[in-house]
Amino acid sequence: MATQAVLLGAAGSCTAAALVAAWRDRRRTCRYDPDAVGIVDWRTVQLAAIGAALVLIVLAIKQ
């Protein structure tokens with residue numbers, strides 16, 4: 001039970017990171033110069049966070 005709670009908590013953190021990345025990517029696309037180079041590629045961060053959340057959820061369900 002404790003392992004499942006830890007996995008679900010980590011999945012929640014990944015979901016929060018994906019939401020922040022989506023918000024930051026939306027801000028990037030709506031700015032005056034969307035082609036300006038940024039430091040962080042928010043779409044990649046969002047994709048990685050969603051993938052990690054899905055894997056953690058599957059592991060929590062199988063636990």
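Atom set for the values below is all heavy atoms of this structure, side chains included, hydrogens, waters and symmetry mates excluded. We number each residue from 1, following the sequence as shown.
- The side-chain contact (heavy atoms from CB on, under 4.5 Å) search around Ile50 returns Ala18, Gln46, Leu54, not counting sequence neighbours.
- With sequence neighbours excluded, the residues that form a side-chain contact (heavy atoms from CB on, under 4.5 Å) with Ala11 are Leu56, Ile57.
- Side-chain contacts under 4.5 Å among hydrophobic residues (ILVMFWY), followed directly or transitively, place Leu19 with no other residue at all.
- Remark: Ala60 engages Gln4, Leu7, Leu8 in a side-chain contact (heavy atoms from CB on, under 4.5 Å) (not counting sequence neighbours).
- Counting only residues at least two apart or in different chains, side chain to side chain donor-acceptor pair (under 3.5 Å) contacts with residues 9-24 are absent.
- In terms of the salt bridge (Lys or Arg N to Asp or Glu O under 4.0 Å) criterion, residue partners of Arg43 (sequence neighbours excluded) are, by chain and number, Asp25.
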